[in-house]
Amino acid sequence: MKNRICVIFTGGTIGSYSNGGIVDLKPETSSLLIEKYRERFGNAIHFDELRPLNILSENMQPSDLEVMADCIRGVDTDVYDGIILTHGTDTLCFTANLFSQLFCDIKIPLVFVSALYPLDDDRSRGVENFAGAVTFIESVDYGGVFVSFENRSENCKIHLASRIISATQIRGEYDSILNVHYGEIRGGKFVYNDNDNNPAPSQLRRPRKPCIAQKLCTDLVIIQAHSLLNFDYYRFNEVKPKAVMVQLYHSGTVCTEGKEANFKNFLAYCKNLGIEVVIATIDSSARTYGSAVGLADLCTAAYDISFEMATVKVLLALGSGRNIADELQTNNFFEKLH
């Protein structure tokens, strides 16, 4: 082992401070994370620091994501055991899923680290999340993209970045789809979660092909199914998106009766405008409800991946000129559950 890790700071709460009840960025707090780590865990690891961005993640633009990606591409993976990338929690899920595709074939671990509270707040688990990433990097002999995050009253969990889902409301806690994390830090060691839904370490050791789609296009409208949703309010008279995604209910359904709330009517409207409609996500092994019979044949369906990953794949397909259905079928970094 080289005992050398590249740390890429991008801002976020983990790089912020509290001032009069307001959380905002403070450039010098970046190194504070490493200082606090060394105070508790020693100086055995050499950290090289890069700072391509200093931004609150909710303000992230496509150009910022490209700067971040270019920074990672510039890291010599032959020199380091791993890369740790600090990131804000608000859009952590999206960037982690995106980078699990862009860097699916990376030779060393790329681990996202964040915090719900600034480092000067006693409630912050930023140092614990950072330490979990370091322990994980020291423990494995394969590459890939991961997230290190400790929820309240839990051990620090390691997630496959391709399976992490949006944070819970209010509490801001993170989990993987199906509630199956990849592993956890227990007693100062990484422990793999031996679950049928997890890829085995031997699978991660195998070489992976690079992701073909590398560019984003944000010409996408996302609609979340909810009770009494009125599709008639979604009219594209002035600006027409390239695609529309509809997040289905957990059972893979959406309203298909009535008039304003009838998804099939909206689907016909989009088809007439030449707008591709994507429904996500559907469990291919589950029973189909009567309201959803034939629905997947009328539009493009995302099967057996999280909605967050489906969103990433659609944006990449649009940006890279690829067929959306083909992109949804790819399995670049274990995002497919079946």
Side-chain angles (χ1 to χ4, degrees), residues 1-19 23-57 68 71-72 74-89 92 95-96 106 108-141 143-159 161 174 182-191:
M1 296 292 286
K2 296 178 282 291
N3 293 324
R4 191 173 182 181
I5 294 175
C6 180
V7 183
I8 301 175
F9 291 103
T10 69
T13 302
I14 198 168
S16 301
Y17 74 114
S18 301
N19 183 18
V23 176
D24 210 344
L25 296 165
K26 189 176 182 181
E28 61 266 30
T29 56
S30 296
S31 292
L32 180 62
L33 177 62
I34 293 178
E35 292 173 11
K36 285 181 171 291
Y37 171 84
R38 285 176 171 152
E39 288 173 2
R40 292 173 54 180
F41 300 98
N43 299 308
I45 305 295
H46 177 81
F47 298 108
D48 290 328
E49 303 174 32
L50 298 174
R51 292 178 175 81
L53 293 170
N54 190 36
I55 190 171
L56 293 172
S57 72
M68 197 184 303
C71 183
I72 296 170
V75 174
D76 186 351
T77 56
D78 291 330
V79 173
Y80 297 100
D81 292 315
I83 302 170
I84 294 176
L85 190 147
T86 69
H87 196 285
T89 53
L92 169 68
T95 308
I106 193 168
I108 59 176
L110 166 61
V111 188
F112 281 75
V113 165
S114 58
L116 293 174
Y117 301 96
L119 296 175
D120 60 0
D121 190 315
D122 291 338
R123 297 169 295 176
S124 178
R125 310 305 290 172
V127 177
E128 287 76 9
N129 294 340
F130 185 84
V134 173
T135 299
F136 175 70
I137 289 170
E138 289 181 301
S139 304
V140 300
D141 59 355
V145 189
F146 306 86
V147 177
S148 173
F149 197 86
E150 181 177 319
N151 292 328
R152 297 168 180 83
S153 304
E154 293 183 359
N155 291 328
C156 181
K157 299 291 195 334
I158 303 297
H159 303 273
Y174 275 102
Y182 180 69
E184 65 182 83
I185 307 302
R186 193 186 308 159
K189 297 181 179 179
F190 169 69
V191 180

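Just the heavy atoms: all of them, side chains too, but no hydrogens, waters or symmetry mates, feed the values below. In this text, all values refer to a predicted model and were calculated from it rather than measured experimentally.
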In the structure I gave you, are the side-chain heavy atoms of L85 and V113 within less than 4.5 Å of one another anywhere? no
Just by distance, no angles: are the side chains of Y117 and D122 close enough, under 3.5 Å, to form a donor-acceptor pair? no
From Y37 OH over to F47 CZ, what is the distance, rounded to the nearest 0.5 angstrom? 5.0 Å
Are V147 and L92 close enough, and set up right, to give a side-chain contact (heavy atoms from CB on, under 4.5 Å), and what steps lead you there? CA-CA 9 Å; V147 177; L92 169 68; 4.1 Å; yes
Rounded distance [0.5 Å steps], CZ in R186 versus NZ in K157: 9.5 Å
Spacing of T89 atom OG1 and L116 atom CG [to the nearest 0.5 Å]: 5.5 Å
Please find the pair of heavy atoms, one from G132 and one from I158, that lie closest to each other, and give the distance. O-CD1, 4.1 Å
Could you tell me whether a side-chain N or O of D48 sits under 3.5 Å from a main-chain N or O of V7, the two making a donor and an acceptor? no
Less than 4.0 angstrom from a charged side-chain N to a carboxylate O is my criterion; do K189 and E138 meet it? no
E184 and N155: side-chain donor and acceptor closer than 3.5 Å? yes
Which heavy atom of F136 sits nearest a heavy atom of P109, and at what distance? CE2-CB, 4.2 Å
N129 vs C156, test: side-chain contact (heavy atoms from CB on, under 4.5 Å). Steps then yes/no. CA-CA 7 Å; N129 294 340; C156 181; 4.1 Å; yes
Heavy atoms only: give me the nearest I34-F130 pair and the separation to one decimal. CG1-CZ, 4.2 Å
Can you confirm whether F146 sits close enough to F112 that some side-chain heavy atom of one is under 4.5 Å from a side-chain heavy atom of the other? no
How about I84 and I137: do any of their side-chain heavy atoms sit closer than 4.5 Å? yes
Check C71 against P52 and note the closest heavy-atom contact, atom names and distance. SG-CG, 3.8 Å
Does the side-chain contact (heavy atoms from CB on, under 4.5 Å) test come out yes or no for E154 and R125, once each step is laid out? CA-CA 11 Å; E154 293 183 359; R125 310 305 290 172; over 6 Å; no
Run through I72, I83, V75 and flag the one making a side-chain contact (heavy atoms from CB on, under 4.5 Å) with L50. V75
Can you find a pair of side-chain heavy atoms, one from I5 and one from V134, that are under 4.5 Å apart? yes
If you measure from CD on E49 to CG on L33, what distance do you get to the nearest 0.5 Å? 9.0 Å
Side chains of S114 and H87: is there a donor and an acceptor less than 3.5 Å apart? no
Quick one about R51 and S31 (side-chain donor to acceptor, distance below 3.5 Å, no hydrogens or angles considered), yes or no? yes
Let me confirm one number: the NE2-OH distance from H46 to Y80, rounded to the nearest 0.5 Å. 6.5 Å
Output yes when R4 and D81 qualify as a salt bridge under the 4.0 Å nitrogen-oxygen rule, no when they do not. no
Salt bridge (Lys or Arg N to Asp or Glu O under 4.0 Å) involving K36 - partner list, sequence neighbours excluded: none
What's the shortest heavy-atom distance between P118 and S124, and which atoms? O-CB, 3.0 Å
If you take all heavy atoms of G183 and F190, which pair is closest and at what distance? CA-CE1, 3.6 Å
Using the ring of each side chain (for Trp, its six-membered ring), is F149 parallel, tilted or perpendicular to Y174, with breaks at 30° and 60°? perpendicular
Just how far is it from atom CG of L53 to atom CD1 of I8, taken to the nearest 0.5 Å? 10.0 Å
